[in-house]
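Working notes, structure below.
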Amino acid sequence: MSEASKSLNFLEHIIEDDLKKGFPKDQLRFRFPPEPNGYLHIGHASSICLNFGLGLRYDSPVNLRFDDTNPVKEEQEFVDAIKRDVRWLGYEWDTERYASDYFQQLYDWAVILIKKGKAYVDSQSSEEMAAQKGTPTEPGMHSPYRERSVEENMALFEAMKRGEFEEGTHVLRAKIDMGSSNMLMRDPIMYRILHKAHHRTSTDWCIYPMYDWTHGESDYIEQVSHSFCTLEFAMHRELYDWFLDQVYDDKKVRPKQREFARRNLSHTVVSKRKLLKLVEGGVVNGWDDPRMPTISGLRRRGYTPESIRNFANTIGIAKRDNLIDVSLLEFHVREHLNKIAPRVMGVLDSVKIVISNYPEGEEEWLEAENNPEDPAAGTRLVPFSREIYIERNDFREEANRKFFRLKLGGEVRLKNAYIIKAESCSKDADGNITEIQCTYDPKSKSGSGTEESLRKVKGTLHWVSIKHALEAEVRIYDRLFLDESPDTHKDKDFMEFINPDSLKVIKGYLEPSLKNAKIEDRVQFQRLGYFCVDPDSTSEKLVFNRTVTLRDTWAKIQQKS
RNA sequence: UGGCCUAUGGUGUAAUUGGCAACACAGCUGGUUUUGGUCCAGUCGUUCUAGGUUCGAGUCCUAGUAGGCCAACCA
């Protein structure tokens, strides 16, 4: 969809209104502000697409700013992973920033607040302060240290900075209103003492600013015009504005915080704590496990950046609670892969067919279309011979008219090859079919143009020549949770809803053209789904991940009966 | 008991700002097809409730109801 024809979401309306009121378009500026303490997931993708999409729409710079004010949890590893994921999604930031770049400026401003009597050092324990904080329905009480003199506050704050105190002994608090109905305005903490090395500033600082004091001022320093965050920060806006008022120069752009509802995807969880539990509990094999809703997991699963961007644009941005069905994400990856993924044949649950009237030892290479959606993709050759594999569930000894696959006495088209007829089958002692004996019509070769080749047969099957088949490991992934919203049940833990069959590892037989498939190559196994080559692949052993099945109306028909 | 936010098909978002409720997904019916894929056509709504303003209300007003968020030296 072109940007011009797309309807506007409420944040775009806010920007349009600002523009209409005279805000200069060339001063529009956005930012994506992750905390480097974990991996990006599908929820972040929405925010990334929102902010960077706005940048593209208005031709405005977008900063990537790491909100790194807590050295206890933050690491360089996450910075690198986040940058890689944002790039992979297809976005370029204007400048790479760190809240830690502003520590000195923030400190200088804090000194100004102290001197104006708007901040003070509190020397109580966190328990004492919590007790004085009040509740949502009762006002708080003043700290006994609230009326310290400017001189005393300055001396204490400077000593905090010099590292003369233990962690937890003092904090710097903004002096606002302990009676406010907004708990965040009840003298919020601006600085705490932390004797921890920071991933960028090392041991330069032993006091670290809190989120509220940092975020708005960072937006201001960067001259971000519109600062978009999720709804749980709505109450923070009053504080954001209060802090801004303390330093604001009206010749500069004043950042505007607005909040949107985070997007929830069905059949998954997204909180860092829960994701970590899945990783540490061994439920999945790491942060990039293809079942994880992380960007790196989706990448390994075979999702394309374009499909994720289209998904994000389709679900839009609003303020109400939501639960987006994962089938919408699956639709977008199918839509994209349908256009770009080469078609190949692979049999995942095989049963052997012997074509009794096909000469023993003979083989021929048949032409096959690489992608019916894209003629420019060309053709390839696939080998055919007397013994082939087909999918076990593509054969039944007897079946009704609705089953238009192979049955005894029935005919079926082998994709790109011949029409065959099932004559008989062999079984083992347990009654399992071990081999199907067929005959073929030599004149029915696909594309030969003969009358026989033009015959209409209802079913078409994919197949693989046994002699030429490539063996591969195929990982069949399904959704990780059976419940659409596993972590919103009051009396049940989300771990109770884990799908025990979210991964099946099987052996598949593939056509030989896949021999040189490279890691991250994406293909469609015809009639089965989209698959991609996993990084675990080696030259000896191919490993494929199933990204998503094809739409399967046959499965629906079967379910109904 | 306080404050803030939200309410439109099964799902997600729109509605030229007070003027024929639209788009996508999912579901269901058919058609096309050498993938039961793709593609095409059709189908699926008391805009949370009750009042009010108005020629006209999803949109404005009032009162309810329901859901979410708010008491970390986290972000």
Side-chain angles (χ1 to χ4, degrees), chain A residues 1 6-9 13 33-35 37 67-70 72-74 122 125-126 129-131 133-140 167-173 180-184 186 189-194 207-208 210-212 214-215 229-238 259 261 263 266 272 311 313-325 327-332 334-335 338-339 343 345 369 372-373 402-405 413-417 419 446-447 453-462 484 524-529 549-558:
Chain A
M1 199 187 299
K6 192 174 158 271
S7 56
L8 303 183
N9 64 46
H13 280 297
E35 182 188 11
N37 70 341
D67 237 327
D68 57 348
T69 58
N70 187 355
V72 179
K73 301 199 292 188
E74 294 150 7
D122 200 336
S125 68
S126 60
M129 283 193 284
K133 191 122 195 187
T135 68
T137 53
E138 307 158 39
E167 289 184 11
T169 52
H170 305 275
V171 291
L172 184 72
R173 287 229 252 176
S180 173
S181 60
N182 182 352
M183 307 253 333
L184 291 157
R186 323 241 266 223
I189 293 172
M190 295 171 67
Y191 277 93
R192 76 286 214 190
I193 297 168
L194 247 27
I207 54 171
Y208 289 92
M210 300 289 288
Y211 166 85
D212 287 298
T214 308
H215 201 90
C229 59
T230 47
L231 237 30
E232 68 265 28
F233 291 98
M235 298 300 292
H236 293 245
R237 188 152 106 200
E238 192 180 356
E259 312 82 18
R263 315 338 321 277
S266 77
K272 282 167 190 162
F311 169 72
N313 289 334
T314 303
I315 62 179
I317 292 289
K319 292 184 81 164
R320 49 180 153 161
D321 289 345
N322 59 80
L323 183 63
I324 298 145
D325 201 294
S327 66
L328 186 56
L329 216 208
E330 292 171 346
F331 163 79
H332 282 287
R334 285 192 190 106
E335 181 190 47
N338 177 50
K339 286 187 207 131
R343 271 55 168 177
M345 291 196 286
E369 213 175 4
E373 302 297 312
K402 276 190 178 166
F403 183 84
F404 38 84
R405 282 121 99 134
R413 158 75 63 186
L414 292 178
K415 180 83 183 167
N416 304 313
I419 294 172
S446 290
S453 74
L454 267 15
R455 275 171 57 210
K456 295 288 176 197
V457 225
K458 191 65 178 163
T460 300
L461 305 187
H462 62 278
E484 66 169 11
Q524 182 195 96
F525 289 174
Q526 277 185 119
R527 302 209 305 134
L528 296 176
T549 61
L550 258 27
R551 266 187 79 226
D552 191 351
T553 50
W554 172 237
K556 283 172 201 155
I557 293 167
Q558 282 179 301

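So you know, we letter chains A, B, ... as the sequences are listed, proteins then strands, and number each from 1.
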Is it the case that the side chain of Arg405(A) and the backbone of Gly459(A) share a donor-acceptor pair, with hydrogens and angles ignored and the cut-off at 3.5 Å?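 Side chain of Arg405(A) to backbone of Gly459(A): no pair is present.
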Strictly under 4.0 angstrom, non-hydrogen atoms only: write out the protein contact profile of nucleotides 67-75 of chain B, one letter per nucleotide from the 5' end, B, S or -. SS--B-BBB
Of the listed nucleotides G36(B), A14(B), U6(B), the one nearest the side chain of Ile557(A): G36(B)
Side chain of Lys415(A): nearest nucleotide among U13(B), G36(B), U35(B)?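 Nearest to the side chain of Lys415(A) among the choices is U35(B).
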Can you measure Leu528(A) atom CG to U38(B) atom P for me and round it to whole angstrom units?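 Result: 14 Å.
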What's the CD1-P distance between Ile315(A) and C25(B), to the nearest Å?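 So the CD1-P distance, Ile315(A) to C25(B), works out to 15 Å.
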List the residues meeting side-chain contact (heavy atoms from CB on, under 4.5 Å) with Leu550(A), not counting sequence neighbours, and say none if there are none.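 Gln524(A), Tyr530(A).
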Could you list the residues that satisfy side-chain contact (heavy atoms from CB on, under 4.5 Å) with Leu231(A), not counting sequence neighbours?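 side-chain contact (heavy atoms from CB on, under 4.5 Å) check on Leu231(A) returns Glu259(A), Ala261(A), Lys319(A).
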Distance check, [atom1] atoms only: [N] and [M], in whole angstrom units.
N: A50(B); M: U38(B); atom1: C1'; answer: 50 Å
N: U33(B); M: C40(B); atom1: P; answer: 16 Å
N: C20(B); M: G27(B); atom1: P; answer: 31 Å
N: C23(B); M: G30(B); atom1: P; answer: 24 Å

For RNA chain B, produce a single dot-bracket line, 5' to 3'. Pairs: Watson-Crick or G-U wobble, both distances under 3.5 Å. Symbols: ( ) within strand, [ ] crossing, | other strand, . unpaired. .((((((..((((.....[..)))).(((((.......)))))....(((((..]....))))))))))).....
Partners meeting salt bridge (Lys or Arg N to Asp or Glu O under 4.0 Å) with Asp122(A) (sequence neighbours left out):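 Per chain and number, Asp122(A) pairs via salt bridge (Lys or Arg N to Asp or Glu O under 4.0 Å) with Arg173(A).
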Would you list the protein and nucleotides 26-28 of chain B atom pairs, both N or O, that sit under 3.5 Å from each other?
residue	atom	partner	partner atom	Å
G27(B)	OP1	Lys556(A)	NZ	2.6

